[in-house]
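Working notes for the structure below.
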Amino acid sequence: MVRMKYGFIGVGNMGGAILRGLLHAGALNPEDVMVAGRTPERSAEQAQDFGVRAAGSRAALIASCDVIFVGVEPGTFPEILPEIAENFTQDKLLISMAAGITLDRIEETLGTDAKLIRIMPNTPAGVGEIMVSVSRNGNVSDAEVQSIVNLLSSIGKAGEVPEELIHAVIGVSGSSPAYTYMYIQGLAEAGEKAGMSASDARMFAAQAVLGAAKLVLSADRELEEMIDSVCTPGGTTCEAVNFLREHGFREIVRDGAAAAIRKSEAMSGGEKD
Ligand SMILES: NC(=O)C1=CN([C@@H]2O[C@H](COP(=O)(O)OP(=O)(O)OC[C@H]3O[C@@H](n4cnc5c(N)ncnc54)[C@H](OP(=O)(O)O)[C@@H]3O)[C@@H](O)[C@H]2O)C=CC1
Ligand SMILES: O=C(O)[C@@H]1CCC=N1
């Protein structure tokens, strides 16, 4: 069987996390992976950082690879699409992770016969804990989409969703590591104020978030019931929970995520802004 070649254009915070995760998981062989940066010098640096091959140019990467991940900024992607189109053929698969760039928009340049997938990943990809959605256009077969879901499942959880749900995915998992860090910041600050070292406060807070998330994933229980399970009658937790409820903690998180969702819709040319 011929081994697939994988190309990465844009290995910054997101594309780099996916590449690092896939290499670390052994899901990709470094010899089968090429990167192309903004300049040949940047390609060489990035290739050295990841221990993969450098492409001479983005055009050379497209010509050599079967599956091409694009992880450049949403503002840059339309600028490089014409260059991608020059060497893109119907047997290749392009995977975009850009917020706000629709499959229709990519088809306008690559053609309606191009095989296209949009993913909405998150940066825990780098430590094997991605949550990523996968959406395809009409040219990608069930087997092809499944092979990408399987590949990404090697670094966490992946599932296919219709493209219109990408906005929701951004609010819930694509952007949410940032708001989770804010929550950890708050916990760590409380710990420091009560006498913990900064490093201990950070570790205790982060491990508590990790453990709680694992329990949510492993137990099919209502979240309200899980909240109650920590609130010992007459104990400490209900003081915090009552305070957070009175101050609209849950609603503020929901409305923050909704702001990301609205921005994603607006970037995609949706009606809401
Ligand atoms: N960050 C996140 O959590 C998430 C991001 N995304 C999406 O991922 C994409 C990248 O975002 P993010 O990683 O945050 O951004 P970064 O700025 O961290 O990374 C962008 C990368 O693209 C490279 N790049 C820019 N222009 C070119 C070019 N012309 N040719 C080749 N490489 C180029 C940059 O290279 P250089 O280092 O030389 O500047 C950099 O490595 C965006 O489309 C975003 O919507 C999706 C989900 C989550
Ligand atoms: O901020 C952004 O637009 C990207 C998409 C989701 C997370 N980061």
Side-chain angles (χ1 to χ4, degrees), residues 7-22 33-50 52-62 65 68-88 94-103 105-106 109 116-127 129-135 152 155-158 161 163 165-182 256-270 273:
F8 284 75
I9 303 178
V11 283
N13 288 309
M14 193 60 255
I18 292 180
L19 178 54
R20 191 173 305 107
L22 290 172
V33 179
M34 253 184 192
V35 288
R38 282 177 293 110
T39 59
E41 293 72 31
R42 228 19 222 129
S43 304
E45 281 168 14
Q46 291 171 341
Q48 193 172 11
D49 286 349
F50 287 94
V52 298
R53 295 164 59 206
S57 64
R58 287 181 294 271
L61 178 143
I62 304 288
C65 294
I68 299 117
F69 285 85
V70 182
V72 301
E73 303 87 343
T76 304
F77 190 26
E79 287 171 22
I80 65 166
L81 263 173
E83 198 182 333
I84 293 174
E86 280 173 32
N87 282 332
F88 199 79
L94 183 127
I95 303 182
S96 165
M97 61 193 78
I101 312 274
T102 62
L103 291 166
R105 169 71 190 82
I106 304 170
T109 312
L116 305 175
I117 282 183
R118 273 186 80 188
I119 59 172
M120 189 41 62
N122 64 7
T123 46
V127 291
E129 293 293 353
I130 198 171
M131 184 67 247
V132 56
S133 68
V134 178
S135 309
L152 292 169
I155 54 168
K157 295 193 188 305
V161 305
E163 187 182 17
L165 280 185
I166 285 184
H167 309 302
V169 172
I170 284 189
V172 174
S173 59
S175 296
S176 70
Y179 3 125
T180 306
Y181 303 143
M182 292 169 76
I261 292 170
R262 279 198 305 279
K263 175 67 177 183
S264 170
E265 288 167 345
M267 285 168 74
S268 310
D273 195 357

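We count ligands from 1, going down the list as the structure has it; atoms in each ligand are counted the same way.
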Does [Y] offer a backbone N or O that forms a donor-acceptor pair with the side chain of [X] under 3.5 Å?
| X | Y | result |
| --- | --- | --- |
| S175 | G171 | no |
| E163 | L103 | yes |
| S135 | V161 | yes |

[X] and side chain to side chain contact (heavy atoms under 4.5 Å, CB included): which single residue from [options] fits?
| X | options | result |
| --- | --- | --- |
| I119 | V132, V169, I166 | V132 |
| F8 | I18, V52, I95, V70 | I18 |
| F77 | I9, T109, I101 | I101 |

ask   = Which atom pair, heavy atoms only, marks the closest approach of N122 to E129?
value = OD1-O, 4.1 Å
query = Looking at side-chain heavy atoms only, is the closest gap between V33 and F50 below 4.5 Å?
reply = no
query = Hey, is R262 close enough to E265 for a salt bridge, meaning N to O under 4.0 Å?
reply =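 The answer is no: the pair does not qualify as a salt bridge.
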note = Those residues with a heavy-atom separation under 4.0 Å from ligand 2 are G174, S175
Within the protein, residues bringing a heavy atom under 4.0 Å of ligand 1, chain by chain = I9, G10, V11, G12, N13, M14, A36, G37, R38, R42, Q46, R58, G71, V72, E73, P74, T76, I80, M97, A98, A99, M120, P121, T123
